[in-house]
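Counting from 1, the numbers follow the sequence of the chain as shown. For ligands, and for the atoms within them, numbers begin at 1 and follow the listed sequence. Because only heavy atoms are used, hydrogens play no part in the values below, and waters and symmetry mates are left out as well, while side chains stay in.
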Amino acid sequence: MIASVLPTYNRAPLTFVKGEGSWLIEADGRRFLDLGSGIAVNALGHAHPSLVEALTSQAQNLWHVSNLYEIPQQQALADKLVAETFADTVFFTNSGTEACELAVKMARKYHFERGQPEKVEIITFEGSFHGRSSAGIAAAGSEKMTKGFGPLLPGFVHLPWGDAEAVEAAIDETTAAVLVEPVQGEGGIRPMPDQELKDLRALCDAHGILLILDEVQCGVGRTGKLFAHEWAGITPDIMMVAKGIGGGFPLGAVLATETAASGMTAGTHGSTYGGNPLGCAVGCAVMDHVAAPEFLAEVNRKAGLMRQKLEGLVASHPEVFEEVRGSGLMLGLKCRAVNADVVKAGYAAEVITVPAADNVIRLLPALTITDADIEEAVLRLDAAATAVEAA
Ligand SMILES: *Cc1c(COP(=O)(O)O)cnc(C)c1O
């Protein structure tokens with residue numbers, strides 16, 4: 001008989017009942033050091049007092065009101081995002097994949113309103129992940145995600161990762177936009193070199209097409225800048241955000257320039273829950289922490305410390321690990337052993353990591369992780385690697 005929960009996940013036999021900062025407590029009382037953060041979601045760790053306060057005080061007043069009315073918490077969060085980024089305007093969603101839907105619609109509508117309805121094709125890259133909606137899986141295009149699900153949403157061109165010449169060759173009169181993760185997450189923590197992002201920006205400008213960045217995983221302070229593209233000194237036209245922005249509350253957003261958003265007039269898009277008071281109250285609290293320069297400076301300092309310790313770990317376990325990669329506190333350990341075995345050995349050593357493609361394990365700690373917890377995390381990873389070697 002089928003499980004009462006649709007069996008689409010391969011779950012580890014772990015049941016967490018409480019979270020505190022970088023720690024997850026299992027039903028049996030074991031304390032796990034969390035280097036997954038719910039896949040880059042719990043940006044401020046578990047049960048951060050500011051987020052608990054934001055959520056509970058909002059919950060006592062108003063949970064939901066339709067977007068038929070003004071929502072001050074939504075306005076406040078949009079104002080913060082506009083003040084801190086390239087964006088002139090923001091639409092709120094509940095997830096990353098919904099942000100992808102709007103980003104695609106917005107790019108096509110932009111060209112449509114300019115009398116170029118033929119510009120619908122979105123260029124994307126191998127190894128990318130943009131969510132599980134019909135547009136999200138068509139955008140990523142991998143057989144694993146698309147097979148058996150009927151006709152794919154047309155209008156996506158898939159190119160090899162980081163091949164600027166292929167992008168230039170693929171652009172034609174039907175091209176609407178280029179969509180890319182500045183640091184691929186599911187694809188195995190693959191940062192796009194700054195120069196390649198600059199080249200993509202220049203190509204988009206030269207051809208009058210839009211640059212859409214998917215910062216669902218790499219955004220919101222994860223790489224040590226508020227958004228990862230800031231390292232390359234470029235700005236997108238449209239950007240997808242989710243995961244960390246809600247700190248654990250389901251919240252996503254599409255940020256855009258006024259020009260890129262010009263087609264999205266009243267009635268062209270909407271969401272029942274997107275931008276609800278609870279989510280936006282929490283999002284405001286997340287932004288108040290993460291956008292502060294002192295906070296980002298600490299992320300960078302801790303990222304340096306963690307990376308240095310991980311380099312040591314890789315050097316002591318050359319049969320298990322090949323290299324450290326990534327940006328800020330979005331780190332990957334490329335494995336020589338099977339990555340799933342390393343993740344599993346981590347569970348036994350009470351440290352949580354997340355597998356990714358390309359035989360990588362992801363380390364996405366809370367941005368608030370302490371130096372002591374970084375030290376402890378690497379000790380536990382060392383124990384896990386030793387167990388993998390012994391097996
Ligand atoms: C997680 C993720 C998504 C999808 O977000 P959901 O909230 O799961 O829909 C899209 N893009 C990237 C880069 C992601 O990491």
Side-chain angles (χ1 to χ4, degrees), residues 6 8-10 36-43 91-107 122-142 144-146 149 153 156 158 161-162 177-192 197 211-223 227-229 236 238-255 271 273-276 279 282-283 286 326-332 353-358 360-365 367:
L6 189 72
T8 58
Y9 299 103
N10 272 314
S37 304
I39 316 191
V41 167
N42 303 103
F91 182 92
F92 291 102
T93 66
N94 309 290
S95 67
T97 202
E98 288 167 85
C100 180
E101 291 293 317
L102 173 56
V104 167
K105 286 173 69 175
M106 184 183 281
I122 317 265
I123 292 174
T124 65
F125 297 94
E126 163 261 314
S128 63
F129 183 77
H130 303 295
R132 300 292 195 144
S133 65
S134 294
I137 62 173
S142 75
K144 187 178 149 210
M145 272 189 285
T146 59
F149 293 118
L153 188 70
F156 294 92
H158 306 105
W161 174 245
V178 174
L179 164 58
V180 63
E181 293 159 80
V183 184
Q184 278 192 347
E186 307 298 312
I189 311 291
R190 295 198 290 180
M192 179 161 274
L197 274 176
L211 180 62
I212 307 172
L213 295 182
D214 181 345
E215 294 226 16
V216 169
Q217 196 161 148
C218 63
V220 195
R222 179 61 43 197
T223 68
F227 289 102
H229 65 264
I238 300 172
M239 179 168 72
M240 298 152 51
V241 177
K243 294 200 166 101
I245 188 71
F249 196 94
L251 178 65
V254 173
L255 280 63
S271 168
Y273 294 119
N276 67 78
V282 178
V286 169
S327 175
L329 287 175
M330 184 172 185
L331 293 162
T353 62
V354 184
D358 202 26
V360 162
I361 67 169
R362 274 179 280 182
L363 312 177
L364 309 161
L367 304 180

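Side chain of H158 to backbone of A138: a donor-acceptor contact under 3.5 angstrom is found. With hydrogens and angles ignored, the 3.5 Å screen pairs no side-chain donor or acceptor of Q184 with any backbone N or O of M192. With hydrogens and angles disregarded, a donor-acceptor distance shorter than 3.5 Å links the side chain of S37 to the backbone of L364.
Polar contact check, G131 against ligand 1: no nitrogen or oxygen pair lies under 3.5 Å apart. For the pair Q217 and ligand 1, the shortest N or O to N or O distance falls below 3.5 Å.
The proximity of H130 to ligand 1, defined as any non-hydrogen pair under 4.0 Å, is limited to the backbone. Of all the heavy atoms of S95, the ones lying under 4.0 Å from any atom of ligand 1 are found in both the backbone and the side chain.
Below 4.0 Å from some heavy atom of K243 lie the following atoms of ligand 1, by number and element: 1 (C), 2 (C), 3 (C), 14 (C), 15 (O). Ligand 1 places these atoms under 4.0 Å from at least one heavy atom of T97: 4 (C), 5 (O), 6 (P), 9 (O). Less than 4.0 angstrom separates some heavy atom of D214 from each of these atoms of ligand 1: 10 (C), 11 (N), 12 (C), 13 (C). In the vicinity of E181, heavy-atom distances shorter than 4.0 Å reach the ligand 1 atoms 13 (C).
Checking atom 15 (O) of ligand 1 against the protein gives a heavy-atom contact under 4.0 Å.
Each of C218, P365, P191 was checked for a side chain to side chain contact (heavy atoms under 4.5 Å, CB included) with M330, and the lone residue meeting it is C218.
Looking at E186 and K144, no side-chain N of the basic residue comes within less than 4.0 Å of a carboxylate O on the acidic one, giving no salt bridge.
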- Task: Given side chain to side chain contact (heavy atoms under 4.5 Å, CB included), test Q217 with V183 step by step and report yes or no.
- Result: CA-CA 8 Å; Q217 196 161 148; V183 184; over 6 Å; no
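Proximity annotation for atom 6 (P) of ligand 1: of G96, C100, G136, A40, G96 comes nearest, heavy atoms only.
Nearest heavy-atom pair, D214 versus P182, reported as atom, atom and distance to 0.1 Å: O-CD, 3.5 Å.
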